[in-house]
Protein chains: 2
Amino acid sequence: MTRRPSDRDQSSRAVNLQDIADRAGVSLATASRVLGNGSRRVNDELIERVTRAAADLGYSANLPARTVATGYSDIVGVLVHDISDPYFSTIATAVVQRADQHAAVVSIGNAFGDARRELAYVAMMRSMRARAVVVAGSRSDDRDGHQALCDELEAFQRGGGRAVCIGQPLPGIDTVAPENEAGARALGVALAAAGHRSFAVLAGPPHLHTARDRLRGFRAGLEAAGIELHSDDVISGQFNRDGGYEAVSTLLSRSAPLPRCVFAVNDVMAVGALARLRTAGLDVPGDVAVAGFDDIVTLRDVWPRLTTVRLPLEAMGEMAGRLALDQQRDEAPRLLPVPGEVILRESTALAAGSVAS
Amino acid sequence: MTRRPSDRDQSSRAVNLQDIADRAGVSLATASRVLGNGSRRVNDELIERVTRAAADLGYSANLPARTVATGYSDIVGVLVHDISDPYFSTIATAVVQRADQHAAVVSIGNAFGDARRELAYVAMMRSMRARAVVVAGSRSDDRDGHQALCDELEAFQRGGGRAVCIGQPLPGIDTVAPENEAGARALGVALAAAGHRSFAVLAGPPHLHTARDRLRGFRAGLEAAGIELHSDDVISGQFNRDGGYEAVSTLLSRSAPLPRCVFAVNDVMAVGALARLRTAGLDVPGDVAVAGFDDIVTLRDVWPRLTTVRLPLEAMGEMAGRLALDQQRDEAPRLLPVPGEVILRESTALAAGSVAS
DNA sequence: CTAGTCTTGGAAAGCGCTTTCCCAAAGCTT
DNA sequence: AAGCTTTGGGAAAGCGCTTTCCAAGACTAG
């Protein structure tokens with residue numbers, strides 16, 4: 001099977017470095033030094049010849065082979081619940097941009113919130129010898145799944161990769177942590193200060209940390225203003241648009257009077273709530289006020305504009321990218337808290353001077 | 001962490017197949033046959049021993065090495081303009097789902113519509129020996145860039161990968177082609193039939209094929225109804241939310257009377273237009289009607305609900321995934337046209353019986 | 001003019017896997 | 001019992017690259 005350089009075969013095997021070396025009349029090593037990282041000086045004329053040969057033949061380095069040889073790749077994995085959710089796609093875009101600057105290529109994994117898929121994806125990144133992996137999205141209560149993920153991430157790091165997480169801190173792993181609880185608390189305080197008195201919370205799934213933290217914070221904020229949130233006023237459901245829609249359906253179907261203000265634990269749910277209220281012929285904020293969380297850019301144009309807690313999603317992705325790519329490996333794991341900013345808009349406006357019952 | 005005395009060094013080198021073979025007391029070849037594709041029968045007891053050893057040592061196959069050995073990888077590249085645009089993230093999600101079924105892992109590239117980045121990304125996928133690449137998003141007029149991309153994709157296919165494109169057909173490449181022109185035409189016809197008579201088009205960038213096709217189709221639809229679209233009534237701008245917003249600003253700043261109906265060549269622009277009109281205190285559809293294109297799911301809850309042309313984005317991603325992964329290589333390139341469906345909603349409603357001037 | 005230090009090209013030894021090839025042992029048929 | 005085909009394990013040859021290691025030539029220094 002040994003091919004002489006002279007007998008060019010017809011098979012469509014891709015051109016490799018040896019082909020380039022042959023054509024340029026240099027050794028494999030020299031060709032590699034020219035086209036590779038260039039750690040060693042090569043005669044200008046040879047550089048020229050090799051470069052020319054590579055261009056002529058349309059050479060494209062075999063990256064997997066390079067990875068095998070060096071033990072190092074330029075893949076960065078990003079793991080999200082759902083890339084079509086603007087929350088995640090915004091973060092992912094930022095990571096991609098950061099990775100671009102490091103000539104790294106991003107591989108995005110959709111886990112649909114499933115712990116098994118998450119595990120499989122991180123394992124895959126480990127198999128690929130990825131340079132780093134960014135895990136975004138709320139952890140859930142599944143103890144075993146959680147532990148397995150931590151183990152896998154640890155193995156990943158032992159193998160020389162870097163792991164970063166966006167959301168709940170994972171032990172031993174750099175984390176960009178949005179302050180869900182504090183943000184929701186501030187929102188509760190602000191809404192109370194604006195004159196709201198009766199509330200319901202569309203709380204999302206009880207097992208999701210993010211959802212729970214936001215509920216807890218909001219409740220604390222109200223309590224600080226002397227308002228108590230009854231458990232009847234907490235409706236759980238899905239963490240997406242339909243979850244918000246259905247939670248409002250539940251509220252509407254009850255005999256109890258509607259609360260004057262509804263807090264959905266994320267913007268997408270808030271939009272679902274808005275849709276359901278409109279279907280019921282109710283005015284927002286006239287009849288019911290609605291607030292969300294995240295301040296998703298795509299949703300800034302919904303009307304009435306949503307009161308929400310702004311998370312700097314782009315900055316968060318950017319920070320995660322930086323942690324994953326810039327930092328030295330020997331530093332201790334970091335925790336970067338990200339504060340949210342309460343933004344009051346039309347969706348929770350009250351007629352001037354009035355105090356809602 | 002039980003290391004056998006025979007283990008040579010303490011360095012944290014990842015466990016490899018040889019380690020597994022040693023521990024199981026079999027040869028490298030046998031270990032490979034058990035853990036690899038299993039193309040050959042292996043004694044049950046040995047299978048058991050190897051599997052056990054792999055589990056004990058937390059073995060994770062080195063995928064790049066496998067790729068080097070076989071020449072095949074399980075990476076699928078998806079190239080989009082902007083993953084945070086719901087149009088693309090919806091498509092990407094569908095491709096990811098399809099790829100999951102093939103145990104392939106998706107790598108998403110953001111080109112931000114820049115031809116150079118697109119080229120670089122496809123080249124990168126070729127370097128990675130990716131199994132397939134899906135290029136989504138409108139081509140622009142840049143002749144050279146376009147040719148370079150085609151060349152690169154052809155090189156990619158010659159190297160054994162599959163290329164699929166979503167949008168304008170590329171020569172020699174399987175394409176999922178939304179019928180932009182026909183859809184826009186149908187929309188024009190439908191709006192005219194609904195009684196609209198005076199129009200403007202927020203046309204996006206003139207060099208983008210998708211934008212142009214939609215404009216051309218819309219114009220043809222109006223002409224079929226005996227309505228002519230003057231060039232004054234075509235405002236170009238960006239293909240995103242801000243483009244819609246600013247185009248309406250332009251309309252408002254003119255001395256001419258506002259058109260009764262505005263067609264934005266995509267939904268995101270339509271939402272920008274809606275925002276601008278609202279800022280100007282104009283009612284939609286009372287004062288001005290607005291229509292979009294795509295029927296983005298995230299935007300179905302904006303109010304008034306947008307008249308649009310629905311593209312089955314998920315199905316399109318799914319089809320692209322299928323073309324990329326299921327099909328045999330020797331078949332001729334295919335062109336799968338995807339029809340759009342006109343959906344009339346509140347944003348273009350006219351008071352019953354009235355005909356807009 | 002010789003010894004010592006840089007340069008810089010090439011041969012070859014890996015990297016971790018798959019797969020071909022070889023061969024021993026076992027199962028058939030006559 | 002002799003000749004076959006299976007069966008399945010192991011040695012070793014790659015895959016395409018990087019990176020030692022070596023050696024030869026080009027310089028300095030004494």
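Labels below follow one simple rule: chain letters A, B, ... track the order of the sequence lines, proteins then strands, and each chain is numbered from 1.
Looking at heavy atoms from C-beta onward, V133(A) lies out of side-chain contact with R126(A) at the 4.5 angstrom threshold. Contact annotation: the side chain of R131(B) approaches that of D74(B) to within less than 4.5 Å [non-hydrogen atoms, C-beta and beyond]. Two residues are said to be in side-chain contact when any heavy atoms from C-beta on lie closer than 4.5 Å; Y121(A) and V105(B) meet this criterion.
Comparing dG10(C), dC17(C), dC17(D) by their closest approach to the side chain of N62(A) singles out dC17(D). The side chain of A29(B) lies closest to dT19(C), out of dT19(C), dG10(C), dT18(D). Side chain of V68(B), nearest nucleotide from dG9(D), dG16(D), dC17(C): dG16(D).
Between T70(A) and V42(B), the residue whose closest nucleotide on DNA chain D is further toward the 5' end is V42(B).
The interatomic distance linking D44(B) (CG) with dG9(D) (C1') rounds to 15 Å, in whole Å. The distance between atom CG of N43(B) and atom P of dG9(D), rounded to the nearest whole Å, is 6 Å. If you take CZ of R13(A) and C1' of dG16(D), they are 10 Å apart, rounded to a whole angstrom. I20(B) has its CD1 atom 12 Å from the C1' atom of dG16(C), to the nearest Å. Between the P atom of dT18(D) and the OH atom of Y72(A) lies a distance of 14 Å, rounded to the nearest Å. N16(B) places its CG atom 9 Å from the C1' atom of dC17(C), with the value rounded to the nearest Å. Between L17(B) atom CG and dC15(C) atom C1' the separation is 13 Å, expressed in whole Å. Computed from coordinates, the L63(A) CG to dC15(D) P distance equals 19 Å when rounded to whole Å.
Heavy-atom neighbours of Q18(A) CD from other residues, nucleotides or ligands within 6.0 Å: above the threshold of 12. Annotation: F112(A), atom CZ; neighbour count of heavy atoms from other residues, nucleotides and ligands within 6.0 Å is above 12.
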Write out a two-atom table: protein N or O, nucleotide N or O from nucleotides 21-24 of chain D, distance below 3.5 Å.
from	atom 1	to	atom 2	distance (Å)
dC21(D)	N4	R40(A)	NH1	3.2

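Between T30(B) and the phosphate of dG10(D), there is a side-chain N or O to OP1/OP2 separation shorter than 4.0 Å. In terms of phosphate contacts, S32(A) brings a side-chain nitrogen or oxygen within less than 4.0 Å of OP1 or OP2 of dT18(D). A close approach under 4.0 Å does occur between a side-chain nitrogen or oxygen of R41(B) and OP1 or OP2 of dG8(D).
The minimum heavy-atom distance between V26(A) and A31(A), with the atom names listed, is CG2-N, 4.1 Å. Residues A99(A) and V106(A) share a closest heavy-atom pair of CB-CG2, 3.5 Å.
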Can N110(A) and Q97(B) be said to form a side-chain contact (heavy atoms from CB on, under 4.5 Å), step by step? CA-CA 8 Å; N110(A) 247 250; Q97(B) 261 171 304; over 6 Å; no

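The bend of the helix from dC1(C)-dG30(D) to dT30(C)-dA1(D), defined by the angle between the axes of its first five and last five pairs, stands at 40° to the nearest 10°.
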Side chains of residues 53-61 of chain B: which donor-acceptor partners sit under 3.5 Å, not counting sequence neighbours?
from	atom 1	to	atom 2	distance (Å)
D56(B)	OD2	R23(B)	NH1	2.7
S60(B)	OG	S127(A)	OG	3.2

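In this structure, the side chain of R139(B) engages the main chain of G137(B) through a donor-acceptor pair within 3.5 Å.
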